[in-house]
Structures are given as structure tokens and as C-alpha cells.
Amino acid sequence: MFLSVTQPLDLAATLFSGQDFRWRHDDALGSHGVVKDHLVALRQVPGGLEAWSPGLGEKALTSLLRWHFRLDDDLERIHAGLSTDPVLARAVQRHRGLRLLRLEPWPALASFICSSHANISRIAQMVEALATALGRPLQSNALVRHTFPPPALVAEAGEARLRELGLGFRARSLAAAAAVVAGGQLSLEALAGVPLDEARRRLITLPGVGEKVADCVLLLAYEHLDAFPIDRWVRRAVEQWYRVPRGWRYEAVAAWAREHFGPYCGYAQLYIFQAARLGPGSFAKGAGDATV
DNA sequence: CACCCTAGGTTCGGT
DNA sequence: ACCGAACCTAGGGTG
């Protein structure tokens with residue numbers, strides 16, 4: 001089916017920007033991924049998206065995509081608000097169409113526990129291994145993808161099995177966090193609507209979840225657009241571009257960001273992250289000579 | 001081809 | 001409270 005999209009949308013940039021790790025590119029099929037246990041294939045075409053999902057009607061697929069791509073966010077207005085800052089204005093202009101994604105809490109939490117000390121392709125590899133080994137197959141013709149396994153199954157798999165799947169030292173944390181969630185000691189459902197600080201405190205009680213991972217989950221899965229996850233890219237960027245002092249604690253930088261960028265600082269983080277990785281002026285190895 | 005280093009962080013042990 | 005190091009492993013860079 002064709003889905004008309006009038007909002008700015010750069011599909012490839014959005015899908016592979018390290019928010020969701022379930023999307024893969026395929027020359028023949030376009031991009032395919034798994035959203036809320038549905039296999040979805042997408043291709044960007046003039047005026048919108050060509051979308052396809054086995055077993056989903058047009059109405060259901062439309063609402064699934066509006067949900068995932070946050071098509072109800074008025075991106076133009078958010079851009080305008082952020083563009084009062086000249087540094088951000090340039091990043092927004094360059095990466096126009098890069099959108100925040102909306103994710104389910106558990107897959108997001110598990111993915112970002114895996115993100116520790118790994119790059120995007122490595123994270124995607126771990127997440128895919130989890131799904132392939134423990135998830136339910138979703139098949140259509142030659143294409144097979146898998147649902148993301150629920151907490152109980154990940155807990156049941158245990159540390160040793162997760163290590164076999166290539167998670168390394170993250171296996172212990174993920175198995176333990178899954179057990180806490182599966183056992184009901186921490187309800188991810190009950191976190192919805194909880195204020196940022198309190199939700200953050202609760203998430204951080206989970207093994208493998210620190211400030212950065214908690215903020216990623218809150219931003220992407222709990223509608224906290226004022227969360228500002230700070231990884232090494234973002235920290236380096238704000239230190240260099242905004243003269244934020246080196247050595248500021250995480251929470252000090254986050255407070256500065258909320259003050260400086262306002263209630264949509266989560267979107268600001270997205271563009272800063274992308275600009276830091278992809279330049280110009282990127283800190284990425286070798287990016288400087290290619291793009292400047 | 002062997003070796004070194006880093007990658008979207010968290011945790012643990014020592015001041 | 002505040003640093004510093006270790007932690008698995010894949011992948012790219014260097015000798």
C-alpha cells in the first residue's frame with residue numbers, strides 16, 4: 001500500500017540512526033524490519049512510503065507506521081523551535097527528515113542494555129541473534145524475521161545462552177534485568193506516565209542500566225521528549241560546539257541541555273548525535289577529509 | 001597474518 | 001561522592 005507522508009521523512013537516515021536495531025536493508029525488498037511483532041517492508045517513494053506487511057490491513061498498517069515514525073509530531077514546528085540555536089539549525093537543515101522513532105519498552109530496554117561499549121552494527125547483530133534464537137518466526141515467502149523475545153524467555157535463556165549468542169559481558173546484565181521484569185519486581189507498563197526523574201530512578205535499579213541507557217528508553221519508549229541521552233558522541237559534541245566544560249557530570253550536562261534546548265531536547269540530541277557521527281566537522285575517523 | 005585498538009556504558013573497587 | 005579500570009567480541013587499522 002501507499003502511505004502519504006507530508007511530514008519531513010528521510011527513511012534510510014531514520015531507520016539506521018541507532019534508535020531501532022531491527023531494520024535491515026535489502027536491494028530487492030527495500031528495508032524490512034519488525035515492529036510490534038509485525039514484519040514490515042518499506043520503500044521511500046515520492047510523497048510518502050510504499051509499505052507492506054503480511055496479515056495487516058491498510059488501516060492497521062497505517063496506524064502502526066504513524067506510531068513507529070511519530071508522524072503526529074509536527075516536525076516542522078519542532079525544527080523551527082530548535083533552529084533558534086545556530087549550531088542546531090545547521091544540523092537540522094542537514095539532517096532534515098531524520099525522525100525520532102517510537103519503540104516498545106521491553107525491546108528498547110533490552111537493545112540498549114546490549115548497546116554498552118558497542119557500535120551500531122554490533123548492537124544490531126546482538127539484537128538479531130536474540131530474536132533469531134528466542135523469538136517467534138515471522139515468515140513471508142523467502143523472508144524470515146523474528147519477533148523480539150519477551151522478558152520471560154530471555155530470563156529463561158540465562159546468561160550462558162546469551163553469551164553463546166554473542167552478547168559478551170552484557171549477557172549477565174540482560175539475563176538479570178529480564179528476570180526482574182519477568183518476575184514483576186519492576187513493571188514496564190506501570191512506568192508509563194511516570195515523571196522523568198522517578199521513571200529514571202526505577203529503570204536504573206536494573207542491572208546493566210545506567211543513566212544513558214535509561215534516558216534512551218525514556219526518550220524512545222516512554223514519550224519523554226525532554227530526556228537527553230548523553231553518549232560519548234553527544235558529550236564530545238556539546239563540549240566542542242557549545243563549550244560545555246569537560247568533566248561535567250552526566251546530570252549536569254543533561255540539565256544544561258534541557259535549559260538550553262527546551263522541552264524537545266530529545267530531538268535536539270538526535271540531530272546532535274547524527275551530526276557528530278556524520279559530519280561535517282564530524283569526530284568520526286576519516287570523515288573530515290571526505291566531507292569538508 | 002598476527003597484533004592492537006576501539007566501539008552509543010556499567011559496575012566495582014579504591015580514594 | 002569522585003575517578004579509574006575491567007569487561008566480551010567483532011571489525012577495521014597497522015606492522
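All values below were derived from every heavy atom in this structure, side-chain atoms included, with hydrogens, water molecules and symmetry-related copies excluded. Lettering of chains follows the sequences in order, A, B, ..., and the numbering in each one begins at 1.
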Describe the nucleic acid contact of [X] in one word from base, sugar-phosphate, nothing, applying a heavy-atom distance below 4.0 Å.
X: A:V234; value: nothing
X: A:L165; value: nothing
X: A:S17; value: base
X: A:R249; value: sugar-phosphate
X: A:D231; value: base
X: A:P229; value: nothing
X: A:E159; value: nothing
X: A:I113; value: nothing

Distance between the C1' atoms of B:dT11 and C:dA10, in whole angstroms?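 Pairwise C1' distance, B:dT11 against C:dA10, rounds to 23 Å.
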
Is any side-chain N of the basic residue among [X] and [Y] closer than 4.0 Å to the acidic one's carboxylate O?
X: A:R249; Y: A:E211; result: no
X: A:E239; Y: A:R236; result: no
X: A:R96; Y: A:E76; result: yes

A:F273 on top of B:dG8's base, within under 5.5 Å and under 30°?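 Aromatic stack with B:dG8 present for A:F273.
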
Check: C:dC8 base within 3.5 Å donor-acceptor of A:R170 side chain: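 Present.
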
Presence of donor-acceptor pair under 3.5 Å, side chain of A:S115 and base of B:dG8: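 Answer is no: no donor-acceptor pair is held.
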
Nucleotide [N], atom [atom2] - distance to [atom1] of [X] in whole Å:
X: A:I120; N: B:dG9; atom1: CD1; atom2: P; result: 11 Å
X: A:F169; N: B:dC12; atom1: CZ; atom2: C1'; result: 14 Å
X: A:Q19; N: B:dG8; atom1: CD; atom2: P; result: 15 Å

Centres of the A:F112 and A:F21 rings: under 6.0 Å?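 Close enough - the centres of the two rings lie under 6.0 Å apart.
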
Can you identify which nucleotide, out of B:dT10, B:dA7, C:dA10, has its nearest atom closest to the A:K212 side chain?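 So the nucleotide nearest the side chain must be B:dT10.
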
